[in-house]
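All values below were derived from every heavy atom in this structure, side-chain atoms included, with hydrogens, water molecules and symmetry-related copies excluded. Quantities reported herein were computed from a predicted structural model and do not represent experimental measurements.
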Amino acid sequence: MRKFSPEYLRRTREGMWEQSREALEPLSLADRERILDAGSGTGELARVLDEESPGRVFCLDADPDLLAVAREQTGLDVVAGDATRPPFRPDSFDLVVCQALLVNLPDPVAALRAFADCSTELVAAVEPDNADVGVDSTVAAEVELERSVRGAYIEGVETDVAMGDRLVSLFRDAGLEAVQTRRYYHRKLIEPPYDGTELTAAARKASGAALTEHEAELRRTLSATEYDTLRREWREMGREVVEAMREERYRRAEVVPFDVVVGRVSGSV
């Protein structure tokens, strides 16, 4: 499974669930007593679960650095361990949930089965559909370049990062019943005045660092010449973004669809 930094998780999940939590209604959070956030990372989803439920929330992740951030920022119980092999006895929770985890696993069905073993009632997943991301920008080159990078990344990555409708089938393959699904749209807007995070993101585009994060996946699809050309064009676009931000004329909107899928453990009422 790929390793993510706290900074990456913060950039990609910042502001999620701020506008609406309606898509989480099938989790019946108000009725939960013990919840496990599997692959919790720095605890962004766990914080929401804790706010919406009277139950006790646990964060599980294999990365101790991410767990340290989760403990500091949420004050919740944290447990080090592999989310695909949860170190808990059967029926330890009445809800096991993950966010942006299955898209990074080679065998998501096996993980769902493991979650079902730990749960007496519900298993849920909140997964991005990376093939359906929408971007608009005042820097015209950014839209087409991001589309190209996204397409090459999806082709080159070794897991299914664009599950979409297939996520429901994975739940059923794992033996989960009464599967429900909702779609949540995570909208991110950049406009003046820009904050430090947005300025840093622009600088990373100009330096090529944002592209380097996915270099391994891109090189599986692109030739060396194609990758070098893409990186040059990406950096040129980044410099244009930085300049536009200096003049406070840069605006960017991104919409990332997330599928919220909930299934009931076989035999639970």
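- Within the structure, ring pair (Phe, Tyr, Trp, His ring centres under 6.0 Å) pairs that include any residue of residues 222-257 do not occur (at least two apart or interchain).
- Taking all atoms of both residues into account, the shortest heavy-atom contact from Y194 to R249 is OH-N, 3.7 Å.
- Residues in residues 32-84 take part in these ring pair (Phe, Tyr, Trp, His ring centres under 6.0 Å) pairs, two or more places apart or across chains: F58-F93.
- Annotation: the span from L122 atom CG to R264 atom CZ amounts to 5.0 Å, rounded to 0.5 Å.
- Considering D173, V168, L167 as possible partners of F171, the one that fulfils the side chain to side chain contact (heavy atoms under 4.5 Å, CB included) test is L167.
- Nearest heavy-atom pair, E254 versus V256, reported as atom, atom and distance to 0.1 Å: OE1-CG2, 3.7 Å.
- Residues F258 and V96 do not share a hydrophobic cluster, clusters being chains of Ile/Leu/Val/Met/Phe/Trp/Tyr side chains in contact below 4.5 Å.
- Under the 4.5 Å side-chain criterion, counting only non-hydrogen atoms from C-beta, R182 is not in contact with V262.
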Practice task
Quick one: do E127 and V261 satisfy side-chain contact (heavy atoms from CB on, under 4.5 Å)? Show the steps, please.
Solution key: CA-CA 8 Å; E127 299 294 329; V261 180; over 6 Å; no

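- Between A202 and V242, the closest heavy-atom pair is O-CG2, 3.7 Å.
- Summarising the geometry of A80 relative to P87, their closest heavy-atom pair is O-CG, 4.3 Å, with the distance given to 0.1 Å.
- In this structure, E146 pairs ionically with R150, as a charged nitrogen and a carboxylate oxygen lie closer than 4.0 Å.
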Exercise for the section: Evaluate the salt bridge (charged side-chain N to carboxylate O under 4.0 Å, His left out) criterion for residues E52 and R32: first the C-alpha distance (whole Å), next the side-chain angles of each, then the deciding distance (0.1 Å), finally the verdict. Expected result: CA-CA 10 Å; E52 297 293 327; R32 301 299 116 210; over 6 Å; no

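- Note on residues 19-47: no pairs pass ring pair (Phe, Tyr, Trp, His ring centres under 6.0 Å), not counting sequence neighbours.
- Following chains of ILVMFWY side-chain contacts shorter than 4.5 Å, one can reach V126 starting from V57, so the two form part of one hydrophobic cluster.
- V161 and V149 fall within a single hydrophobic cluster, where Ile, Leu, Val, Met, Phe, Trp and Tyr side chains are chained together by heavy-atom contacts under 4.5 Å.
- A salt bridge (charged side-chain N to carboxylate O under 4.0 Å, His left out) with E142 holds for exactly one of R147, R239, K205; it is K205.
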Practice task
Step by step, work out the side-chain contact (heavy atoms from CB on, under 4.5 Å) result for R21 and L29.
Solution key: CA-CA 11 Å; R21 296 177 180 177; L29 291 173; over 6 Å; no

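- Between T84 and A111 the shortest heavy-atom distance is CG2-CB, 4.3 Å.
- The shortest side-chain heavy-atom distance between V109 and R113 falls under the 4.5 Å cut-off.
- Cluster annotation: M163 is not connected to V97 through the hydrophobic network of ILVMFWY side chains, with a link wherever side-chain heavy atoms come within less than 4.5 Å.
- Of all heavy-atom pairs spanning P26 and Q180, the tightest one is CB-OE1, 4.0 Å.
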Practice task
Kindly determine whether W17 and L24 satisfy side-chain contact (heavy atoms from CB on, under 4.5 Å), including the steps that lead there.
Solution key: CA-CA 9 Å; W17 305 115; L24 296 176; 3.6 Å; yes

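- Between the CD1 atom of I35 and the CZ atom of R56 there is a distance of 12.5 Å, given to the nearest 0.5 Å.
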